[in-house]
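Written out below as C-alpha cells is the structure these notes cover.
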Amino acid sequence: MKKFFLFAVIALSAFATRAQTADEILDKHFTAIGGADKWKKMESLRMVGTGTAQGMEFSVTTTKARPNKARVESDMMGQNVVMSCYDGTTCWSKTPWGTMGKPTKMGEAEQKAAQSESFDGDLIDYKTKGSTVTLIGKDSVEGAKCFKLSLKKASGDEKFYYVNAKTYLIDMVQAISTRGPNKGMSETLLSDYKDVNGLKMPYSIETKMKGETVFNLKFDTIEVDPKIDATVFVFPK
C-alpha cells in the first residue's frame with residue numbers, strides 16, 4: 001500500500017510538471033514583475049548608470065517612450081555620444097569621431113532590430129504582436145534552475161528566455177542575430193532586481209558573446225514616467 005501511494009505521488013508530480021504551460025509560466029512572471037497591466041500603463045522610462053566595455057568605463061543613459069522610441073547615449077572622454085536612437089521611423093547615431101559630429105542613419109540590420117522592439121518587451125501581449133512562445137524545458141543559469149522559453153517573432157527572429165523557477169524573474173535572454181556585425185548568439189544576464197514604483201526591474205545587465213563578457217551595465221537610477229521632450233528621438237535634419 002505504501003509503495004502504491006509513493007508511486008501515485010511521483011506520478012502525479014510528474015504529470016503536474018508536464019502539464020505546466022508556457023502561458024502559466026508567463027502569468028507567474030508577469031505577477032513577479034508587478035503585473036502586465038501596470039507595465040502597459042507606463043508611458044516613458046529613463047535609466048541612468050555606468051557601462052564597462054573593453055576596459056573602458058562610461059556613463060549610459062537610456063530613454064524610452066511609447067510606442068517604441070528609444071535613445072541610448074553616453075559621455076565618453078568628455079564627448080556626448082548617441083550610441084543609438086529610434087524615433088519610430090529612423091534609427092540613427094551620432095559620434096564625434098569619423099562623422100565630425102554629424103548624425104548618421106544606421107544600417108538595415110539596426111533599423112529592422114529597432115522596428116521590432118516593443119516598449120513593453122517581447123513577452124507582454126506576445127500573441128497580438130504575431131509571436132509564439134513555447135516551453136522548451138528546464139535548464140540552469142549560474143546554478144539557478146530556470147524554465148527555458150522559446151519566443152519566435154513574426155519576422156522569424158528567435159529568442160530564448162530563462163525564467164527563474166523560484167522567483168519567476170528572467171535570469172537570462174539568448175538572442176540569435178542573423179544580420180549585422182554581431183551575427184551569432186548573444187547572452188544577456190539580468191540580476192539585482194529592485195522595486196521601481198511597484199515594478200521589478202534589473203539593475204545589472206551583462207552581455208556575453210561566445211562566452212566572453214563584452215558589455216556590463218549597472219544602473220544607479222531608474223525613473224518611471226519621467227517627462228521627456230519628444231524631440232530628443234527625432235533624427236536631426
Side-chain angles (χ1 to χ4, degrees), residues 4-43 45 47 64 66-68 70 113 115-178 185-208 219 222 224-225:
F4 174 79
F5 179 76
L6 180 60
F7 174 79
V9 170
I10 293 173
L12 287 171
S13 298
F15 176 78
T17 301
R18 288 196 301 271
Q20 195 161 25
T21 67
D23 282 331
E24 288 172 341
I25 293 168
L26 287 180
D27 285 342
K28 292 180 179 179
H29 165 63
F30 297 146
T31 298
I33 61 174
D37 288 340
K38 191 166 185 177
W39 276 86
K40 289 190 287 187
K41 289 178 181 177
M42 180 167 49
E43 294 295 327
L45 188 66
M47 299 173 282
K64 296 183 177 183
R66 287 194 182 277
N68 59 348
Q115 288 173 344
S116 68
E117 290 299 316
S118 167
F119 183 85
D120 295 316
D122 294 322
L123 297 175
I124 293 177
D125 290 338
Y126 73 87
K127 291 179 182 177
T128 62
K129 297 169 185 172
S131 301
T132 59
V133 174
T134 307
L135 173 60
I136 302 297
K138 281 191 174 181
D139 208 328
S140 62
V141 177
E142 298 189 340
K145 291 182 179 180
C146 296
F147 296 102
K148 183 179 179 180
L149 302 177
S150 164
L151 179 138
K152 290 185 179 179
K153 294 185 177 182
S155 63
D157 291 339
E158 184 175 19
K159 290 183 180 180
F160 297 99
Y161 286 83
Y162 292 75
V163 182
N164 190 290
K166 288 185 178 180
T167 65
Y168 285 90
L169 300 172
I170 294 173
D171 284 358
M172 182 173 71
V173 181
Q174 287 179 325
I176 303 172
S177 176
T178 58
M185 174 77 79
S186 67
E187 296 181 340
T188 302
L189 291 95
L190 311 174
S191 60
D192 192 21
Y193 280 84
K194 296 179 183 180
D195 185 276
V196 183
N197 288 26
L199 302 173
K200 276 280 174 57
M201 300 187 187
Y203 271 65
S204 180
I205 299 175
E206 179 184 2
T207 302
K208 292 184 176 182
F219 294 117
I222 298 179
V224 170
D225 286 332

All heavy atoms of A154 vs all of S131, minimum pair found to be N-OG, 4.4 Å
Scanning both residues in full, the closest heavy-atom pair of I170 with L190 reads O-CB, 3.5 Å
Take L151 and T132 through the side chain to side chain contact (heavy atoms under 4.5 Å, CB included) test and state the conclusion after the steps. CA-CA 6 Å; L151 179 138; T132 59; over 6 Å; no
dist S155:OG -> Q115:CD (nearest 0.5 Å) comes out at 10.5 Å
Check: Passes side chain to side chain contact (heavy atoms under 4.5 Å, CB included), D192 versus F219? Steps please.
Finding: CA-CA 10 Å; D192 192 21; F219 294 117; over 6 Å; no
Closest non-hydrogen contact found for K40 with R66 is O-NH2, 3.0 Å
Value for NZ (K148) from CD (Q174), rounded to nearest 0.5 Å, stands at 5.5 Å
Correct closest heavy-atom pair for F147 and K138 would be CE2-CE, 3.5 Å
Inset, instruction - Look only at the side chain of W39 and the backbone of I33, and say whether a donor-acceptor pair between them is shorter than 3.5 Å. - result: yes
Checklist entry - Taking side chain as C-beta onward, heavy atoms only, is I25 less than 4.5 Å from V133? => result no
N/O donor-acceptor pair under 3.5 Å between Y162 side chain and L189 backbone: no
Problem set entry | Whether N164 side chain and T167 backbone form a donor-acceptor pair below 3.5 Å | yes
**Message:** Any non-hydrogen side-chain atom of V224 less than 4.5 Å from a side-chain atom of L45?
**Reply:** yes
Which pairs would a plain distance check flag for residues 194-203, meaning a side-chain donor or acceptor within less than 3.5 Å of a matching protein atom at least two apart in sequence or in another chain?
{"unit_1": "D195", "atom_1": "OD1", "unit_2": "G198", "atom_2": "N", "d": "3.2"}

* Checking side chain to side chain contact (heavy atoms under 4.5 Å, CB included) for the pair Q20/K28: CA distance, chi angles, key distance, verdict? -> CA-CA 11 Å; Q20 195 161 25; K28 292 180 179 179; 3.6 Å; yes
Practice prompt. Answer yes or no: is there a donor N or O on one side and an acceptor on the other, between the side chain of D225 and the main chain of E43, under 3.5 Å?
Written response: yes
_Go through it in stages, so that I can follow the logic: the residues are M47 and K64, the test is side chain to side chain contact (heavy atoms under 4.5 Å, CB included), and I'd like the CA-CA distance, side-chain angles, deciding distance and then a yes or no._
CA-CA 9 Å; M47 299 173 282; K64 296 183 177 183; 4.3 Å; yes
| query | Quick check: are there more than 12 heavy atoms from other residues, nucleotides or ligands sitting under 6.0 Å from NZ of K153? | reply | yes
CG (L26) and CG (L135) are apart, to the nearest 0.5 Å, by 9.5 Å
Lys/Arg N to Asp/Glu carboxylate O, D120 vs K129, below 4.0 Å: no
task: Answer yes if the side chains of Y126 and D23 hold a donor-acceptor pair under 3.5 Å, and no otherwise.
output: yes
Interatomic distance, CD@E187 vs CG@D171, rounded to 0.5 Å, equals 12.5 Å
Between Y161 and D122, the two heavy atoms sitting closest are OH-OD2, 2.7 Å
